[in-house]
Amino acid sequence: MYHLGLEEDLVQVVDERKQVDACVIDFEKAFDMVPHGTLMRKVEALILDKRVVEWIGDFLRRLIPVQFSDEPYLEKGTFLLYVQADEPETSYCIPGNVQHQKDYSRINGLPEGDEPLYNPALIKRLNFTQISSLFSPPISAANPGHSLLVRPLCRGDYDRGFLQLLSQLTHVGHISREQFLGRFSSMKACPDTYYVTVVEDTQTNKVIAAASLITELKFIHDCGLRGRLEDVVVNGDYRGKQLGKLIVMTVTLLAKELGCYKMSLDCKDKLIPFYNSLGYIDEPGNANSMTIRFDSSSIFKNPGITAKL
Ligand code: 16G
């Protein structure tokens with residue numbers, strides 16, 4: 001097997017009139033969600049050369065090395081596999097490229113051609129059945145309701161009203177497209193840390209709810225992972241559709257899925273009953289959240305501050 005880093009190499013193979021069949025394998029599904037026996041039975045049911053089937057079997061048993069994608073819009077675990085039917089032992093595995101972005105978006109239910117902040121497959125695998133009693137009528141991240149889509153924040157959400165939505169929560173400021181994209185890239189450059197999640201109304205192409213999970217690496221708790229729930233907001237026009245519960249529980253289940261040992265939040269006092277109803281509690285003797293603000297207007301007004309910071 002050869003790893004081809006350049007599209008030109010593939011073009012060359014085609015130029016040499018060798019047959020090249022292409023298929024996309026999603027590692028997450030292949031390795032983590034689908035029993036390999038079932039997957040192989042499905043592969044065997046396809047009309048493929050026997051050696052191709054054997055090659056995929058070897059591949060699933062990790063007997064064949066695989067190069068993961070370096071492309072910024074493709075998550076680790078998504079790559080393109082070219083299996084040459086007459087010579088499967090010389091099949092190719094290459095990172096996806098820009099041409100495949102549209103397919104990637106379609107497969108993952110993202111706005112066409114857009115880039116997600118994190119792997120959308122993580123949302124799809126969340127198990128809402130364990131919290132089904134919270135929702136009436138039943139909804140989940142996979143089935144949030146007519147024309148609604150729960151997904152990671154995407155670059156294009158600058159134009160889908162994400163910042164205007166956040167301004168219903170607190171001060172946002174005037175953020176240019178460049179600033180937004182720069183911050184998005186910075187978040188994306190911190191692997192496995194920022195999980196900004198949104199609900200989109202696909203009829204209006206507007207982001208109408210959002211919540212963020214931020215994970216924090218710890219030394220304590222056996223080098224554990226702590227989750228923080230931040231920036232929860234639902235567009236006022238969409239209240240009464242259980243979207244607050246939905247977006248909070250989506251990132252809460254995500255924190256659990258990612259192995260966080262706890263998830264915590266700060267909120268306005270009036271929202272305490274809402275978060276209590278979702279399982280968040282003021283732990284006895286451990287329920288304080290304190291703040292020091294560094295904006296010049298308020299820092300010296302905090303009682304008790306005697307030294308200049
Ligand atoms: C709320 C938010 C917090 C956000 C803050 C903004 C939740 C659970 N909490 O406390 O994430 O950062 O409001 O308020 O969404 P600020 O502008 O006063 O910092």
Side-chain angles (χ1 to χ4, degrees), residues 117-118 123 126 131 134-135 141 144 150-153 157-158 160-175 179-180 182-184 186-187 190 192-200 206-218 225-258 260-283 286-305 309:
L117 184 61
Y118 66 90
I123 294 179
L126 297 176
I131 53 162
L134 291 177
F135 298 100
V150 181
R151 58 167 175 78
L153 181 74
D157 288 337
Y158 183 82
R160 296 187 196 96
F162 174 63
L163 296 175
Q164 290 75 8
L165 174 70
L166 283 184
S167 71
Q168 295 190 24
L169 174 70
T170 189
H171 171 77
V172 175
H174 300 288
I175 298 177
Q179 281 176 303
F180 173 81
R183 180 48 50 100
F184 186 99
S186 301
M187 287 183 173
C190 302
D192 309 327
T193 305
Y194 290 96
Y195 298 88
V196 184
T197 305
V198 302
V199 180
E200 180 189 346
K206 289 285 175 221
V207 172
I208 47 112
S212 299
L213 159 66
I214 291 98
T215 63
E216 182 186 343
L217 296 174
K218 297 288 212 182
L225 197 60
R226 174 180 179 167
R228 293 185 183 271
L229 176 60
E230 294 283 351
D231 301 336
V232 177
V233 58
V234 177
N235 183 327
D237 297 340
Y238 286 78
R239 299 253 156 81
K241 295 179 185 290
Q242 308 185 89
L243 296 181
K245 271 195 266 183
L246 179 70
I247 195 74
V248 168
M249 292 319 291
T250 298
V251 289
T252 304
L253 289 176
L254 190 51
K256 186 167 178 251
E257 173 83 15
L258 295 169
C260 292
Y261 77 91
K262 75 174 181 185
M263 174 86 143
S264 49
L265 64 89
D266 296 326
C267 71
K268 294 196 167 64
D269 294 349
K270 66 177 184 187
L271 288 172
I272 292 174
F274 167 70
Y275 286 110
N276 282 164
S277 75
L278 301 180
Y280 287 85
I281 57 159
D282 287 330
E283 289 182 320
N286 188 27
N288 286 298
S289 163
M290 296 194 189
T291 307
I292 186 164
R293 297 218 176 226
F294 296 111
D295 51 294
S296 55
S297 61
S298 58
I299 183 170
F300 299 111
K301 291 181 185 163
N302 278 4
I305 286 197
L309 296 181

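Every number for a ligand or one of its atoms is a count from 1 in the order of the listing. Computed from a predicted model, the values in this text were never measured in an experiment. FYI, the numbering just counts along the sequence from 1.
Partners of Phe184 according to the ring-ring contact (aromatic ring centres under 6.0 Å, His included) rule, which considers only residues two or more places apart in sequence or in another chain, do not exist here. Residues passing the side-chain hydrogen bond (donor to acceptor under 3.5 Å, both in side chains) test with Thr197 are Tyr118, sequence neighbours excluded.
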Atom pairs and distances, donor-acceptor, side-chain atoms in residues 269-277, under 3.5 Å, two or more places apart:
| residue | atom | partner | partner atom | Å |
| --- | --- | --- | --- | --- |
| Asn276 | ND2 | Tyr280 | O | 2.8 |
| Ser277 | OG | Phe274 | O | 2.6 |

Are there any protein N or O atoms under 3.5 Å from the N or O atoms of ligand 1? List them with distances, or say none.
| residue | atom | partner | partner atom | Å |
| --- | --- | --- | --- | --- |
| ligand 1 | 9 (N) | Asp266 | O | 2.8 |
| ligand 1 | 10 (O) | Asp266 | O | 3.2 |
| ligand 1 | 11 (O) | Glu230 | OE1 | 2.4 |
| ligand 1 | 11 (O) | Asp231 | N | 2.7 |
| ligand 1 | 11 (O) | Asp231 | OD1 | 3.2 |
| ligand 1 | 12 (O) | Glu230 | OE1 | 3.4 |
| ligand 1 | 12 (O) | Asp231 | OD1 | 3.0 |
| ligand 1 | 15 (O) | Asp231 | N | 3.2 |
| ligand 1 | 15 (O) | Val232 | N | 2.8 |
| ligand 1 | 17 (O) | Thr170 | OG1 | 2.4 |
| ligand 1 | 18 (O) | Arg293 | NH1 | 3.3 |
| ligand 1 | 18 (O) | Arg293 | NH2 | 2.8 |

Criterion salt bridge (charged side-chain N to carboxylate O under 4.0 Å, His left out) on Arg151 and Asp157, from CA distance to verdict: CA-CA 11 Å; Arg151 58 167 175 78; Asp157 288 337; 2.7 Å; yes

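With no hydrogens or angles considered, no side-chain donor-acceptor pair links Thr215 and Arg226 at under 3.5 Å. Side-chain N/O atoms of Ser289 and Asp266 include a donor and acceptor closer than 3.5 Å.
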